[in-house]
*Asks:* 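Right, I'll just put the structure down here and ask away after.
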Amino acid sequence: MEFVELTTARLRLRRPVESDIETITAVCQGPEIVAFTTVPSPYGREHAEAFVTEAVPHGWAAGTGCTWAITLRDDAAGGLLGVVSIHDVDDGAGSLGYWLGAAGRGRGVMTEAVERVVDFGFAQPPEGLGLRRLQWQAVPSNAASARIAQKAGFRWEGLRRAAVLHRGRPQDLACAGLLASDSRAPQDGWAPVAP
Ligand SMILES: CC(C)(COP(=O)(O)OP(=O)(O)OC[C@H]1O[C@@H](n2cnc3c(N)ncnc32)[C@H](O)[C@@H]1OP(=O)(O)O)[C@@H](O)C(=O)NCCC(=O)NCCS
């Protein structure tokens with residue numbers, strides 16, 4: 001599908017571009033990114049280049065992944081704060097993914113971005129992907145990520161034990177899901193927190 005730009009009250013979710021490569025390379029060195037995401041580690045400039053010039057355009061073109069650079073509308077330079085995506089789109093379902101650099105955290109940016117991206121995921125084409133289901137997965141200690149999914153209305157679905165090898169170690173995966181037919185009411189009853 002064609003790239004679709006999204007906006008919210010504060011944010012512009014735009015196409016990741018080559019001038020973002022330096023920022024992406026720097027942010028992906030961060031300890032939380034290494035601990036909580038599946039980006040390569042060590043992360044080099046070549047990984048950011050492949051992400052921006054190959055993976056992201058391929059995902060959009062193939063309809064298998066939609067990825068946006070998160071920027072502030074009132075930042076004339078349009079600097080990238082982070083990335084949000086619906087990836088692994090298949091058979092009417094997709095997975096939510098996101099990260100922010102330290103400069104973007106702590107002010108509800110991802111909560112706002114995810115709300116808009118979820119709308120896009122469930123909207124019928126051409127306004128959106130027309131999905132039936134979105135899923136969220138994270139290591140159980142990722143409380144900040146879980147909070148964002150809870151606030152977007154994701155329902156707790158369980159813990160997949162030793163589901164992945166993360167940085168070479170078996171890790172449980174906390175799982176939650178949201179259906180197009182679900183209300184978006186924040187879900188306060190789940191918190192997959194573990195040491
Ligand atoms: C996850 C991430 C995007 C959150 O960014 P953020 O700027 O803190 O997000 P927001 O401000 O939109 O909201 C975070 C919410 O989590 C809460 N939170 C943040 N850190 C927390 C923690 N350690 N424990 C519990 N809650 C936490 C915040 O209080 C806020 O909730 P509130 O609005 O009810 O107060 C950011 O921490 C990040 O990029 N982490 C590394 C990558 C990552 O984990 N990606 C997700 C992989 S599944």
Side-chain angles (χ1 to χ4, degrees), residues 6-13 16 20 23-43 47-48 51 55-56 65-73 75 79-89 93-119 121 133-160 163-167 169-178 184-195:
L6 304 175
T7 54
T8 69
R10 287 184 298 169
L11 308 177
R12 176 176 169 231
L13 306 184
D20 296 322
T23 305
I24 294 170
T25 306
V27 169
C28 288
Q29 314 296 323
E32 299 91 351
I33 306 280
V34 174
F36 293 135
T37 77
T38 57
V39 301
S41 178
Y43 194 95
H47 296 118
F51 175 72
V56 172
C66 302
T67 303
W68 295 266
I70 303 171
T71 68
L72 292 173
R73 290 172 67 166
D75 174 11
L80 177 146
L81 296 177
V83 165
V84 60
S85 68
I86 297 175
H87 56 92
D88 293 329
V89 175
S95 295
L96 196 59
Y98 40 79
W99 54 258
L100 283 174
R105 292 187 197 158
R107 43 186 165 143
V109 163
M110 195 55 79
T111 298
E112 192 170 321
V114 163
E115 186 180 347
R116 181 67 190 89
V117 165
V118 167
D119 282 343
R133 166 185 167 83
L134 279 166
Q135 53 209 12
W136 167 93
Q137 295 192 139
V139 296
S141 56
N142 195 346
S145 179
R147 185 79 192 115
I148 289 167
Q150 286 180 309
K151 287 200 291 184
F154 281 67
R155 271 63 165 174
W156 175 246
E157 293 183 336
L159 193 69
R160 293 174 57 210
V164 288
L165 272 186
H166 188 253
R167 315 286 178 218
R169 291 181 48 213
Q171 285 269 11
D172 296 344
L173 276 184
C175 304
L178 183 66
R184 305 285 184 81
Q187 304 293 301
D188 285 329
W190 61 270
V193 181

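One is the number of the first residue; the rest follow in order along the sequence. Please read these numbers as outputs of a predicted model, since none were measured by experiment. Order of listing sets the numbers, starting from 1, for every ligand and every atom in it.
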*Asks:* So which heavy atom in the protein is nearest atom 36 (C) of ligand 1, and how far is it from that ligand atom?
*Replies:* Arg105 NE, 3.5 Å
*Asks:* For Arg73, is there an ion pair with Glu112 - N to carboxylate O distance below 4.0 angstrom?
*Replies:* no
*Asks:* Looking only at protein heavy atoms, which one is nearest to atom 22 (C) of ligand 1, and how far off is it?
*Replies:* Ala143 CB, 3.9 Å
*Asks:* Ignoring hydrogens, tell whether any protein atom lies closer than 4.0 Å to atom 29 (O) of ligand 1; use the non-hydrogen atoms only.
*Replies:* no
*Asks:* Do me a favour and list the nearest non-hydrogen protein atom to atom 9 (O) of ligand 1 with residue, atom name and distance?
*Replies:* Ile148 CD1, 3.6 Å
*Asks:* Taking distance alone, with no angle check, do Gln137 and ligand 1 share an N/O pair under 3.5 Å?
*Replies:* no
*Asks:* Ligand 1 versus Val109, non-hydrogen atoms closer than 4.0 Å: side chain, backbone, both, neither?
*Replies:* backbone
*Asks:* Show, in sequence, the C-alpha distance, side-chain angles and deciding distance for Arg147 and Asp188, and conclude whether the side chain to side chain contact (heavy atoms under 4.5 Å, CB included) test is met.
*Replies:* CA-CA 9 Å; Arg147 185 79 192 115; Asp188 285 329; 3.4 Å; yes
*Asks:* Main chain of Ser145, side chain of Tyr98: is a donor-acceptor contact present, judged purely on distance under 3.5 Å?
*Replies:* yes
*Asks:* Provide, to 0.1 Å, the distance between atom 8 (O) of ligand 1 and the closest protein heavy atom, together with that atom's residue and name.
*Replies:* Gly106 N, 3.8 Å
*Asks:* Which residue and non-hydrogen atom of the protein lie closest to atom 20 (N) of ligand 1, and at what distance in Å?
*Replies:* Ala144 CB, 3.4 Å
*Asks:* Where is the nearest protein heavy atom to atom 5 (O) of ligand 1: which residue, which atom, and how far?
*Replies:* Leu100 CD1, 3.7 Å
*Asks:* Flag Arg147 as yes when one of its N or O atoms lies below 3.5 Å from any N or O atom of ligand 1, and as no otherwise.
*Replies:* yes
*Asks:* Please say whether more than 12 non-hydrogen atoms of neighbouring residues, nucleotides or ligands are located less than 6.0 Å from CZ in Arg169.
*Replies:* no
*Asks:* Under the 3.5 angstrom rule, does the side chain of Gln29 hit a backbone N or O of Tyr43 as a donor-acceptor pair?
*Replies:* yes
*Asks:* Measure the distance from atom 12 (O) of ligand 1 to every protein heavy atom, then report the residue, atom name and distance (to 0.1 Å) of the closest one.
*Replies:* Thr111 OG1, 2.8 Å
*Asks:* Looking at atom 33 (O) of ligand 1, what's its closest protein heavy atom, distance included?
*Replies:* Lys151 NZ, 2.2 Å
*Asks:* Does any N/O atom on Tyr98 come nearer than 3.5 Å to any N/O atom on ligand 1?
*Replies:* yes
*Asks:* Any protein heavy atom lying closer than 4.0 Å to atom 15 (C) of ligand 1?
*Replies:* yes
*Asks:* For residues 100-111, tabulate all N or O donor-acceptor pairs below 3.5 Å that involve a side-chain atom, not counting sequence neighbours.
*Replies:*
{"from": "Arg105", "atom 1": "NE", "to": "Leu100", "atom 2": "O", "distance (Å)": "2.9"}
{"from": "Arg105", "atom 1": "NH1", "to": "Glu32", "atom 2": "OE1", "distance (Å)": "3.2"}
{"from": "Arg105", "atom 1": "NH2", "to": "Leu100", "atom 2": "O", "distance (Å)": "2.6"}
{"from": "Arg107", "atom 1": "NH2", "to": "Ala103", "atom 2": "O", "distance (Å)": "2.7"}
{"from": "Thr111", "atom 1": "OG1", "to": "Lys151", "atom 2": "NZ", "distance (Å)": "3.4"}

